[in-house]
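Here is the structure we will look at, set down as structure tokens.
For ligands, and for the atoms within them, numbers begin at 1 and follow the listed sequence.
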Amino acid sequence: MAHDLEQTARALVAPGKGILAADESSGTIKKRFDTIGVESTEENRRAYRDLLFTTPGAEDYVSGVILYDETIRQASADGTPFAELLVGRGIVPGIKVDKGAKALAGAPGETVTEGLDGLRERLEEYVELGARFTKWRAVIAIGADIPSEYCIWTNAHALARYAALSQEAGLVPIVEPEVLMDGDHTIERSFEVTSRTLHAVFTELRDQRVHFEQMLLKPNMVLSGYGCPRQVSVEEVAAETVKAFRRHVPAAVPGIVFLSGGQSDEDATAHLNAMNAMAPHPWELSFSYGRALQAPALKAWGGRTDNVSAAQQAFFHRAKLNGLARSGSYSPEMEKLAA
Ligand code: 13P
């Protein structure tokens, strides 16, 4: 079992490939569908995920897909369950297992992620449904007086409890402490909060006996807040991000798979590319993007069956460019080339 987990973790960060996060909760996918004027029905959600998962050639750049509870129970148009379809294409299926960020008692503006109660039993079922890895997202907001140490450590403790239970169930945990980049904070502040968060997360992971070789970390990049007047260069983002992670992430962790977190798709690709251009690193540096992989495809689809092929081409193109960013071989000129 231990050997399998390490192998799965390494397969997820195989060279040239990364993860598609398609685990939007019902609330989040509704928000995405609202932007294209499509009603969030169960069938529309199924059809949209089907389009992504059957994109020809995507398996060359996509190592794994994170599913949502509803999605792992759904099937492709021909009746093949999604998890089985993905495995058949050499893509590892995974599942989001947290139940979302809820207000943290006594801490205005801060949240703690819920979902530990009954998790052991839910994990057993996800194993039956074909999942090989899991994801849990903690959310840390930056503001005038936040985050508090209370918020950081409470979330870190829950992340470690989740990760230990996942490994016990034979599933690779993807540990996601997301420091939000909303706000006008500087990149220095982003560096400081990301560092405090990583320190707490790896302290808890070690104390709770999580095997570093059998997990992946899914963090934010170190950016200027989106509202900050001083936006820095791609190279500065790459340098600050790598600096923070080198200080806090053990080399035993096979890979760091970044979230896109509201960056434009092109920025997310350029930042990953710049970090990989600084190689070698102690770990693989890859992607686990939701919005930055899906945005052009979602727009091209617009809820219409006759747009499926155009949407698949748009998804393929983004997956390929991020695949190239895994080795620092991406350049912005490639954005103009057709898929
Ligand atoms: P984004 O890349 O859109 O931030 O989504 C990744 C994810 O899975 C957030 O939990």
S260 heavy atoms within 4.0 Å reach ligand 1 at atoms 1 (P), 2 (O), 3 (O), 4 (O)
What's the shortest distance from atom 6 (C) of ligand 1 to any protein heavy atom, and which residue and atom give it? K218 NZ, 3.4 Å
Based purely on interatomic distance, does G290 place a nitrogen or oxygen under 3.5 Å from a nitrogen or oxygen of ligand 1? yes
So which protein heavy atom does atom 9 (C) of ligand 1 come closest to, and at what separation? E176 OE2, 3.3 Å
Protein heavy-atom partner closest to atom 10 (O) of ligand 1 - residue, atom, separation in Å: K135 NZ, 2.6 Å
Below 4.0 angstrom from a heavy atom of R137, which ligand 1 atoms are there? Numbered from 1 as shown, please. 9 (C), 10 (O)
Ligand 1 N/O within reach of Y289 N/O, cut-off under 3.5 Å: no
Please check if the side chain of R49 supplies one atom and the backbone of S76 the other of a donor-acceptor pair under 3.5 Å. no
Would you please indicate yes or no on a ring centroid separation below 6.0 angstrom for W283 and F212? no
For S288, atoms of ligand 1 separated by under 4.0 Å from a heavy atom: 6 (C)
Aromatic ring pairing Y162/W136, orientation class (parallel under 30°, perpendicular over 60°, tilted between): parallel
Which atoms from ligand 1 have a heavy atom of D23 less than 4.0 Å away? 8 (O)
Between R45 and E42, does any side-chain N to carboxylate O distance fall below 4.0 Å? no
Any N/O pair G261/ligand 1 closer than 3.5 Å: yes
Identify which one of I256, I66, I19 satisfies the side-chain contact (heavy atoms from CB on, under 4.5 Å) criterion when paired with K218. I66
Distance only, no hydrogens: is a donor on one side chain within 3.5 Å (strictly under) of an acceptor on the other, for T41 and E43? no
Please indicate whether any nitrogen or oxygen in E178 is less than 3.5 Å from any nitrogen or oxygen in ligand 1. no
Suppose we call two aromatic rings close when their centres sit under 6.0 Å apart. Are F258 and F287 close by that rule? no
Running the 4.5 Å side-chain criterion over Ile, Leu, Val, Met, Phe, Trp and Tyr, what cluster does V112 land in, apart from itself? L104, Y150
